[in-house]
There are 4 protein chains.
Amino acid sequence: MQAAIQTAKIKPTGRPRKPEVEARILDVTMQLMCEEGFSRMSIDGIAVAAGVSKPTIYRRWSGKADIATAALERLRLAEPSVEGKHGLDKVRALLFNFRKSLLRPNGMALIGVVLTEERHNPELMKHFRERIVKPRREMVATALEEARAMGEIQKHADIDAMVTMLIGSFYGRYLSGASIPPGWIIRIVDALVCKG
Amino acid sequence: MQAAIQTAKIKPTGRPRKPEVEARILDVTMQLMCEEGFSRMSIDGIAVAAGVSKPTIYRRWSGKADIATAALERLRLAEPSVEGKHGLDKVRALLFNFRKSLLRPNGMALIGVVLTEERHNPELMKHFRERIVKPRREMVATALEEARAMGEIQKHADIDAMVTMLIGSFYGRYLSGASIPPGWIIRIVDALVCKG
Amino acid sequence: MQAAIQTAKIKPTGRPRKPEVEARILDVTMQLMCEEGFSRMSIDGIAVAAGVSKPTIYRRWSGKADIATAALERLRLAEPSVEGKHGLDKVRALLFNFRKSLLRPNGMALIGVVLTEERHNPELMKHFRERIVKPRREMVATALEEARAMGEIQKHADIDAMVTMLIGSFYGRYLSGASIPPGWIIRIVDALVCKG
Amino acid sequence: MQAAIQTAKIKPTGRPRKPEVEARILDVTMQLMCEEGFSRMSIDGIAVAAGVSKPTIYRRWSGKADIATAALERLRLAEPSVEGKHGLDKVRALLFNFRKSLLRPNGMALIGVVLTEERHNPELMKHFRERIVKPRREMVATALEEARAMGEIQKHADIDAMVTMLIGSFYGRYLSGASIPPGWIIRIVDALVCKG
DNA sequence: GATGAATGAGGCTTCATTCAT
DNA sequence: CATGAATGAAGCCTCATTCAT
């Protein structure tokens, strides 16, 4: 990290790259990839939408797959705060955020892309897992552990399975064609909790 | 005369179609679509792999989207028998079949395709839901109802949510990057059943 | 001619060709050729419009050019009667007929076709000249000769040039983009006749 | 600043276009269109003959019809000088030039193209009329008016008809199949002039 | 003889990528 | 470094023609 900062201080020769260009290109790439899918997304389209020329893109990345990878790599799970919530309430709050992100336009499209491209561009899936899936799972798992500690769920609950079922239920619901109302979150959490 | 009309098999004139061609084309289409995705799949590729010429394809379908739709439309949930099982055992058996189909090469790819193409070719998603998702959900739901009747699960269990979570957990698991061992089925069913 | 009739009496073996089919195909061919031009005209289009299959066409003619040629070959200058007219009046009547045929939809299109195809299918131009151009020219020339005999035009008038100018003026007028009103005929005939 | 704006030749950025390419493509297009007709002419053919790639063409024009239109739009009546001639002499000189252009290889072919394409690409006919037909007609008309002023032709001569007949006679002659010798010009002018 | 099916060849257009200022 | 231009390789689709009943 320190090294990186030092490097940044070396005055680069030649015309420096405008830093916001990079971001704009990757933003546009992500958007187009979600809208069109990887194959249909064109470098031309990215260039036009980002307001740059194609060589400007190729100077930074080596090809279409590389750009897409970079766009995915930059992804962070932008999770709104769930401060102040605890245990199952926190779980529900996290799932509520998840729901919101899925309901955004093209909210599921990225999953389609990484699945479709898994064979051709495994990097995409890899980054998607690292940047999006894993953090979310960890947050939910932590909250569930807290709930367990609080006695809201059983001592021997299979937290890993629970995380997967909670999150997976959204995919399942989407693929079934049914809408995902806010109440869905109540239902799935209830389904896991014995109220005997 | 009436009889004649009723029974007359309309004699088809002209050269008959090679009978197996249709199936071969659609098989190949489905395979390529899973391997490459809709966009990358090419008519040329289908023609070569099916051993026919392109016009032979175009005589039957009007274009790429039409062929893909036909391939999906032809899909049926080919569910191996779960005869003799009942209640939760049947649920587990059904999920075991599901697992097997997902673990096949490209088992998840089709989901990627329909998600990616949802905007451009909504027909694909529609058929996927009708032919694959819905039948499977109904089978699992029926088995769960049976389990409920048998007292294996609670009276007021939210069966719809359970179906979605069970099936969805496979998607969640796949996207997490973890493998899906046979024991997974035990775990997710257990997670839903109170063993108070 | 007699021989032909005798030949016709020989009972042909096999299923006889429906005679009106031939005519229908050629009619359709001529029409499509005028509407679309030779290249754009398709055998498929002819077959569909004539209500026959493509091999039915290929059994009779050897290819696209052959069909087009046959269609042109069948053309006859269908000149409405100008009986009772003489001299310049007859000339004007003939030109009036000519005008009418040019003003029909696609009236000039055939000329476009034969000119465009002159290099690739010289037969078309040849038949067009023989069946259409030449007969019309001869009729006009004869009428002009009559007019000369009647003293309506000068003794030494260059009848060949006059025919060409009269007829050609319609092409010139069409290409200029101006309409061709009935009065046009009066004007061009007047232009050739000295009224000193 | 104002001055700067006014005089500044906008510095073009990026790789400049090879300068002669445009002209070469349009030349080739015109030639192929005359030789083959619009339909038979292919973009591939143009690209090869012009020594460029197809995208180089598509960067400049939006499609086949657009290229053809551009080629026609670029046409100018390249009329050799008729300086020093006046009245009917000038008319004859102009017609002599016309004759020469018609006798060039494919001299009539363009007319075939515009006629054939009139329905599908009316722009072609429009440009042909504007660039070629109209200028020529105006030149001939002007010369005829001069001749009239000089007393070479009658006061009340129908100049518009005369122009059309003179020019049209070439089309008529061509379609008749007869050659167009130099003497033709003498004959048609004589035919219009009373030598009583 | 007539039909519907099949095909090889080719046409238009676009894309990812590289070049030349 | 950024740009507009150029390109080879496909991709989709259609056509003239032939095949097999």
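Bear in mind that the values here come from a model prediction, so they are computed numbers and not experimental data. Numbered from 1 within each chain, the chains take letters A, B, ... in sequence-line order.
Remark: K64(C) engages no residue in a salt bridge (charged side-chain N to carboxylate O under 4.0 Å, His left out) (not counting sequence neighbours). Every side-chain hydrogen bond (donor to acceptor under 3.5 Å, both in side chains) that R24(B) has, sequence neighbours left out, goes to E20(B). Residues satisfying the side-chain contact (heavy atoms from CB on, under 4.5 Å) test with R15(D), not counting sequence neighbours, are none. With sequence neighbours excluded, no residue forms a side-chain hydrogen bond (donor to acceptor under 3.5 Å, both in side chains) with E73(A). Not counting sequence neighbours, N121(D) has no partner by the side-chain hydrogen bond (donor to acceptor under 3.5 Å, both in side chains) test. Scanning for side-chain hydrogen bond (donor to acceptor under 3.5 Å, both in side chains) contacts around E123(A) gives an empty result, with sequence neighbours left out. Partners of D27(A) according to the side-chain contact (heavy atoms from CB on, under 4.5 Å) rule, which considers only residues two or more places apart in sequence or in another chain, are R74(A). With sequence neighbours left out, S39(A) forms a side-chain contact (heavy atoms from CB on, under 4.5 Å) with E117(A), S39(B), R40(B). Partners of E130(C) by side-chain contact (heavy atoms from CB on, under 4.5 Å), not counting sequence neighbours, listed by chain and number: K126(C), H127(C).
Taking for each of T13(B) and G63(D) the nucleotide of DNA chain E with the nearest heavy atom, the 5'-most of the two is the partner of T13(B). Across the interface with DNA chain F, nearest-nucleotide mapping of K64(B) and A65(C) shows K64(B) to be the residue nearer the 5′ end.
If you take CE of M41(A) and P of dT17(E), they are 10 Å apart, rounded to a whole angstrom. Taking atom OH of Y58(C) as the reference point, atom C1' of dT17(F) lies 5 Å away to the nearest angstrom. In this structure, the CD1 atom of I67(A) is 14 Å from the P atom of dC15(E), given to the nearest Å. Atom-to-atom, CD1 of I46(B) to C1' of dG11(F) comes out at 12 Å; the value is rounded to the nearest Å. Remark: C1' of dA2(F) and CD1 of I25(A) are 11 Å apart, rounded to the nearest angstrom. In this structure, D44(B) places its CG atom 13 Å from P of dA9(E), rounding to the nearest Å. The separation between W61(C) atom CH2 and dA16(F) atom P is 15 Å, rounded to whole Å. Rounded to an integer number of Å, the gap from CG of D66(A) to P of dA16(E) is 14 Å.
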Starting from the C-alpha separation in whole Å, work towards a yes-or-no answer on side-chain contact (heavy atoms from CB on, under 4.5 Å) for V114(B) and L72(B). CA-CA 10 Å; V114(B) 298; L72(B) 254 165; 4.0 Å; yes
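Every stem involving DNA chain F, taken as at least 3 paired positions in a row under the Watson-Crick or G-U wobble test at 3.5 Å, is listed here: E:2-21 with F:2-21.
Across T29(A) and A71(A), no two heavy atoms sit closer than the pair CG2-CB, 3.9 Å.
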Give every pair of a protein N or O atom and an N or O atom of nucleotides 6-10 of chain F that lie under 3.5 Å apart, one pair per line with the distance.
| residue | atom | partner | partner atom | Å |
| --- | --- | --- | --- | --- |
| dA6(F) | OP1 | K18(D) | N | 3.0 |
| dA6(F) | OP2 | R60(D) | NH1 | 2.8 |
| dA6(F) | OP2 | R60(D) | NH2 | 3.0 |
| dT7(F) | OP2 | S53(D) | N | 3.0 |
| dT7(F) | OP2 | S53(D) | OG | 3.0 |
| dT7(F) | OP2 | T56(D) | OG1 | 2.6 |
| dA10(F) | N6 | K54(D) | NZ | 3.4 |

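For the contact set between residues 29-40 of chain C and DNA chain F, defined by any heavy atom under 4.0 Å, there are no members.
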